[in-house]
J.: 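One structure is given below, represented as structure tokens, and several questions about it will come after.
What you see below is based on every heavy atom in this structure, not just the backbone, and it leaves out hydrogens, waters and symmetry mates.
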Amino acid sequence: MQTTRFEHPLNEKVRIYLRLEYLMLQINHARDSDDPWQYQVFFRALFDILDILDQVQVKSELAKDLDKQQLQIKQWLDVDGVDQTAVLALLDQMTSVHHHLITAPRLGQHLREDRFLAGIKQRFSLPGGSCCFDLPSLHHWLHLSFDRKQADMAAWYEQLQPMARALQLWLRVTRESGQFKSRVARNGFFQHDADNASLLRLQVCPSYGVYPMISGHRSRFAVRFLPFDEGQATTGNPVAECIEFTLAIC
């Protein structure tokens, strides 16, 4: 059955991590494209990441979270039936990623010092501010060879890799810590204890015509399914009486 997956952070730190992952996915997609409009996506996502890194101590927080995750995973070594080889391989990977993160220079520092990037970044905060007449240097760069642009983007992308690898691993382990279980929302509403969780993952069939609005924190949360179409909302029965969905509390 086709489902749509939603994720919701239960604390501010995971909220930042998910935003960074979302932006890194945009960069990764845009840098492999030869569509000139994808470069706009690349630069906008890159500058959004730099703004987040200026506001939040991502490097130290992510390193501490990886440490905590490693301690939790080490406890699995004492559990019968656990694949010891897989656990040890994961711990080795976490140690390597953690080392590269904490030994890396300040995240994004080389990008901030890049003369070309620094010259165009501010204009990207203006609506339509990346026009040719606003940013002739960008216009010039857009007309360089494909190989030159690929090399530039690869170099900029590489500057974020210590953070990206650590973020990817932490989120993967966090997501795999929760199993999807069947749930039912009655009259579009569901609430449950979170038990010190940090992330919710929810899958619902699009045929219900609803999307979830999730609120809560690491100890308790609520899900309210809202109708997507206005016409559906104005009828006497805006959502199905029982909505079946699956939920993972991570």
J.: Checking Lys64 side chain against Lys59 main chain: does a donor-acceptor pair fall under 3.5 Å?
T.: no
J.: Hey, are Gln70 and Thr95 close enough side-chain-wise for a donor-acceptor pair under 3.5 Å?
T.: yes
J.: With a 3.5 Å cut-off and no angle check, do the side chains of His98 and Asp67 form a donor-acceptor pair?
T.: yes
J.: Does Gln203 use its side chain to pair, donor to acceptor, with the backbone of Leu247 at less than 3.5 Å?
T.: no
J.: Could you tell me whether the side chain of Leu167 reaches within less than 4.5 Å of the side chain of Leu62, counting heavy atoms only?
T.: yes
J.: Step by step, work out the ring pair (Phe, Tyr, Trp, His ring centres under 6.0 Å) result for Trp37 and Phe42.
T.: CA-CA 9 Å; Trp37 296 110; Phe42 178 91; over 10 Å; no
J.: Does either side chain, that of Ser207 or that of Gln2, offer a donor lying less than 3.5 Å from an acceptor on the other one?
T.: no
J.: Side chains of Ser130 and Gln40: donor-acceptor distance under 3.5 Å anywhere?
T.: yes
J.: Taking the side chain as every heavy atom from C-beta outward, state whether Leu46 and Leu117 have any atom pair closer than 4.5 Å.
T.: yes
J.: Can you check side-chain contact (heavy atoms from CB on, under 4.5 Å) on Leu135 and Arg123, steps first, answer last?
T.: CA-CA 8 Å; Leu135 289 175; Arg123 286 286 181 179; 3.5 Å; yes
J.: Can you find a pair of side-chain heavy atoms, one from Tyr211 and one from Met213, that are under 4.5 Å apart?
T.: yes
J.: Please say which of His29, Met163, Gln168, Arg19 ends up in a side chain to side chain contact (heavy atoms under 4.5 Å, CB included) with Met24.
T.: Met163
J.: Kindly state whether the ring of Phe245 and the ring of Phe190 have centres lying under 6.0 angstrom apart.
T.: yes
J.: Would you mind reporting whether Lys181 and Thr246 have side-chain heavy atoms less than 4.5 Å apart?
T.: no
J.: Are any non-hydrogen side-chain atoms of His192 and Arg220 less than 4.5 angstrom apart?
T.: no
J.: With heavy-atom distances below 4.5 Å as the criterion, would you say the side chains of Arg31 and Gln38 are in contact?
T.: no
J.: Trp156 versus Asp114: any side-chain heavy-atom pair under 4.5 Å?
T.: yes
J.: When you measure from the side chain of Ser96 to the backbone of Gln93, do you find a donor-acceptor pair of N or O atoms at a distance under 3.5 Å?
T.: no
J.: Please assess Asp152 against Gln150 for the test side-chain contact (heavy atoms from CB on, under 4.5 Å), listing each intermediate value before the final yes or no.
T.: CA-CA 5 Å; Asp152 285 345; Gln150 286 291 298; over 6 Å; no
J.: For Ile249, which of Asn196, Asp195, Leu200 qualifies under side chain to side chain contact (heavy atoms under 4.5 Å, CB included)?
T.: Leu200
